[in-house]
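Owing to the predicted nature of the structure, the values given are computational and were not obtained by experimental measurement. Atom set for the values below is all heavy atoms of this structure, side chains included, hydrogens, waters and symmetry mates excluded.
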Amino acid sequence: MIARRSFITLLGSAATAWPFAARAQQPTMPVVGFLRSTPATGFAYIVDPFRQGLNDAGFVEGKNVAIEYRWADNQEDRLPGLAADLLRRQVAAIVGVGAPAAQAA
């Protein structure tokens, strides 16, 4: 009788833990870093085509790719720190938009 209870408890525990283990093994979503020396405001004409290009390549933001945006707000001395932050985030790629951002990346 005790062995049966132990078996049922073990089986119930395994059934409860299995969905968590399966979810933990799913691949993580790749992250692309977007780096720009300007403020974010008023630059949709750059971001929208960037997103469209990713979509054309099969990458949809929030669905199968994440994008981390970093804006230096016209303070180019901030770009190396922002690029380092993206590296700590372990992004798959960094897109430096504009010469100063590309150089920092």
Enquirer: Do V32 and I94 touch side chain to side chain, with heavy atoms closer than 4.5 Å?
Expert: no
Enquirer: For residues 96-105, which residue pairs qualify under salt bridge (charged side-chain N to carboxylate O under 4.0 Å, His left out), counting only residues two or more places apart or in two chains?
Expert: none
Enquirer: How many angstroms lie between CD in Q103 and CG in L35, if you round to the nearest 0.5 Å?
Expert: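 One finds 11.5 Å between CD of Q103 and CG of L35.
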Enquirer: Taking all heavy atoms of P100 and all of E76, pick out the closest pair and write down the distance.
Expert: CG-OE2, 3.5 Å
Enquirer: Is there side-chain contact between T38 and N74, with at least one heavy-atom pair below 4.5 Å?
Expert: yes
Enquirer: Atom OG in S37, atom CZ in R78: separation rounded to 0.5 Å?
Expert: 11.0 Å
Enquirer: Return all side-chain donor-acceptor pairs below 3.5 angstrom for residues 79-91, not counting sequence neighbours, or 'none' if the list is empty.
Expert:
unit_1: D85; atom_1: OD2; unit_2: R70; atom_2: NE; d: 2.7
unit_1: D85; atom_1: OD2; unit_2: R70; atom_2: NH2; d: 2.9
unit_1: R89; atom_1: NE; unit_2: E68; atom_2: OE2; d: 3.3
unit_1: R89; atom_1: NH2; unit_2: E68; atom_2: OE2; d: 3.3

Enquirer: Membership question, hydrophobic clusters at under 4.5 Å side-chain separation (ILVMFWY): are V65 and V31 in the same one?
Expert: no
Enquirer: What side-chain donor-acceptor pairs closer than 3.5 Å can you find for residues 43-53, not counting sequence neighbours?
Expert:
unit_1: R51; atom_1: NE; unit_2: E61; atom_2: OE1; d: 2.7
unit_1: R51; atom_1: NE; unit_2: Y69; atom_2: OH; d: 3.0
unit_1: R51; atom_1: NH2; unit_2: Y69; atom_2: OH; d: 3.2
unit_1: Q52; atom_1: NE2; unit_2: D56; atom_2: OD1; d: 2.7

